[in-house]
Amino acid sequence: MDSIQEKLFEIIAKSLNISSSQVNEELRIGSIPEWDSLAHLNLISEIESAFATQLDVGKLLYAEKVGDLLNIVKKG
Amino acid sequence: MHQLVYKRILENAAKTPNRTALVRPGEEELSYGQLMQHIAGAKKHLFKVGVRSSDYIVLAASRSFSFVYGYLAVHALGAVAVPLDPQTPAERLKYIRGVLSPKAGFWVSGEHGLADIAIFDGLEDDDLGEDIPVDANAVADAMFTSGTTAQPKGVLLTHGNLACAVNNINMFIGNGPDDVEINPMPLSHSFGLARLRCTLYEGATQIIIDGVMRPKEIFKAMDEYKATGVGMVAPAWMVLKRLSGDFISRYCEQLRYFELGSAPMTAEDKAHLAALLPKTRICMHYGLTEASRAAFQEFHEPQEFLSTVGRPSPLVEIKIYNESGESLPDGETGEICIKGGMVAKGYLNVDNETVFYGDYFRTGDLGYKRSDGYIVLTGRLKEMINVGGKKVSPVEVDQALAVLPGVAEAACVGVPDPMLSEVVAAFIVAGDGERYTLEKVRELLAGVLESHQIPQYLIYIDEVPKTASGKVQRLQLKDRWSQMHGGAK
């Protein structure tokens with residue numbers, strides 16, 4: 001696991017208040033009770049703040065799982 | 001008198017059995033004929049386990065076909081459906097079970113069958129009669145919504161209320177049998193459930209989607225099923241917009257209607273959506289679970305009307321009353337009160353005398369009526385917080401916080417949020433021990449409260465402001481939050 005992935009997984013676990021063992025690239029956005037739309041908005045803001053970036057709307061549109069969020073963060 | 005909703009759906013099924021009623025993209029589809037068979041099967045099963053007229057039946061309102069036919073079967077038996085979020089915290093469920101003494105509960109998660117049945121009471125065994133008479137004045141749904149008290153209130157909606165609401169809505173929007181609607185809203189919430197009823201009442205097709213967080217699924221379904229309509233609460237649209245920008249404009253030739261509601265939107269946001277979908281009928285309502293879709297507006301109306309909540313829906317009357325229960329003339333601000341066939345008969349186990357002024361339901365919202373009939377919302381009389389269209393009782397959150405070790409007292413208020421209309425801000429007076437961070441409080445309240453009830457802001461204060469009689473002065477806390485320009489998130 002590289003440092004970006006580690007940091008992103010940590011943010012997701014903390015933001016959704018879930019165990020880090022639940023977070024993996026295949027975890028679908030919104031597939032667990034803790035991950036509702038309010039939590040998702042908070043998470044997007046926290047990712048943007050932690051990586052000092054603005055996530056591209058054109059790419060967020062296609063994000064379905066944690067791995068997709070990781071790609072967006074890595075590739076911008 | 002309108003036809004009862006479940007009867008009309010069964011009639012549609014008999015007329016057009018091959019038409020598609022429900023779709024879960026990539027998973028399954030159900031024709032009206034199949035829906036009718038499932039309703040009949042569920043009805044027989046419920047009857048067999050002893051469910052009878054007026055019994056309360058708790059249903060886990062998941063986005064599953066089994067919930068839909070279970071819900072309609074409960075209605076067809078003359079029993080009362082109590083649709084709850086499948087994630088309802090244990091404490092809340094315990095309270096609801098305590099006040100209702102429901103006969104049975106159906107907790108279906110994932111599987112599309114009526115498999116997970118919990119029987120709460122001694123049940124009889126009997127044969128199902130041919131057709132069980134159901135009166136329009138009989139209660140169809142008990143919808144639990146946060147009230148101004150600590151505990152949720154059960155809103156009692158009759159079959160007549162549901163039928164009247166469906167007709168008002170479909171008349172304004174212009175729904176028809178050829179519509180294919182995307183519904184990403186939870187069916188445990190009055191908005192999503194109403195969209196389901198409206199679509200099936202017309203014999204149209206409903207596409208059930210798991211929320212707006214994966215926009216690709218919504219747009220893929222729009223392409224694949226050639227959707228003509230979509231319904232979502234205003235905050236859900238704000239989330240979808242955040243995640244997909246102006247992408248929805250690609251469907252400007254395809255979408256015939258878009259229904260929004262449950263929380264306010266700014267005139268700018270309304271105008272923006274109208275510009276993205278210039279040919280779509282974009283209808284936004286003002287209403288409550290207790291008085292569904294009391295007023296409507298269409299976003300292509302002249303800009304000056306976008307700062308209002310629209311005009312009363314067909315067959316609905318709205319009056320403004322002062323605190324003495326006197327009707328006020330146009331232009332004067334008071335409590336918005338609603339009269340119409342869709343207005344609930346009241347709340348479960350509550351003295352409903354105080355809920356109405358005559359035939360007019362008291363919304364607890366403040367506003368005035370313009371001389372042209374448009375209603376302007378100016379504030380809220382009740383202290384309820386509106387998080388993304390879901391009502392939160394501040395007292396309920398206060399009490400959940402107050403039992404945490406190290407919290408002497410707590411008081412919550414709603415503070416503005418650009419996406420969700422409002423979010424919860426908690427003011428805490430420290431007791432003995434360490435002070436909490438917001439993250440810690442959120443962690444401790446997860447599982448105790450529903451996610452939208454959990455505070456987004458945490459501010460420590462020396463004392464909770466109160467009146468001489470001991471009532472929490474929440475307006476003072478709101479002012480304080482405003483002065484802090486965002487608080488200590």
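Just so it is clear: chains get the letters A, B, ... in the order the sequence lines come, proteins before strands, and each one is counted from 1. Nothing here was measured: the structure is a model prediction, and the numbers come from that model.
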**Q** I need the B:F219 CZ to A:Y62 OH distance, nearest 0.5 Å.
**A** 9.0 Å
**Q** Tell me the closest heavy-atom pair linking B:R214 and A:E64, and the distance in Å.
**A** CD-O, 3.6 Å
**Q** Got more than 12 heavy atoms from elsewhere within 6.0 Å of CD, A:E10?
**A** no
**Q** Kindly give the heavy-atom pair with the smallest separation between B:G245 and A:V57, and that separation in Å.
**A** N-CG1, 3.1 Å
**Q** Out of B:M238, B:R242, B:M213, B:H452, which one pairs with A:S37 under the side chain to side chain contact (heavy atoms under 4.5 Å, CB included) rule?
**A** B:M213
**Q** So which part of B:L420 gets closer than 4.5 Å to some heavy atom of chain A, the side chain, the backbone, both or neither?
**A** side chain
**Q** If I take atom CD1 from residue A:I29 and atom CD from residue B:E217, how far apart are they, to the nearest 0.5 angstrom?
**A** 9.5 Å
**Q** With rounding to the nearest 0.5 Å, note down the distance linking CH2 in A:W35 to OG in B:S451.
**A** 14.0 Å
**Q** Can you tell me how far the CD atom of B:E439 sits from the OG atom of A:S15, to the nearest 0.5 Å?
**A** 9.0 Å
**Q** Kindly determine whether B:E443 and A:K14 satisfy salt bridge (charged side-chain N to carboxylate O under 4.0 Å, His left out), including the steps that lead there.
**A** CA-CA 9 Å; B:E443 186 188 321; A:K14 199 173 169 194; over 6 Å; no
**Q** Walk me through it: do A:L41 and B:V239 pass the test side chain to side chain contact (heavy atoms under 4.5 Å, CB included)?
**A** CA-CA 7 Å; A:L41 278 183; B:V239 173; 3.5 Å; yes
**Q** Between atom CD1 of B:I454 and atom CG of A:N17, what is the distance when rounded to the nearest 0.5 Å?
**A** 8.0 Å
**Q** We want to know whether A:N42 and B:Q456 form a side-chain donor-acceptor pair, criterion being a heavy-atom distance below 3.5 angstrom.
**A** yes
**Q** Does a side-chain N-to-carboxylate-O contact under 4.0 Å join A:E34 and B:R442?
**A** no
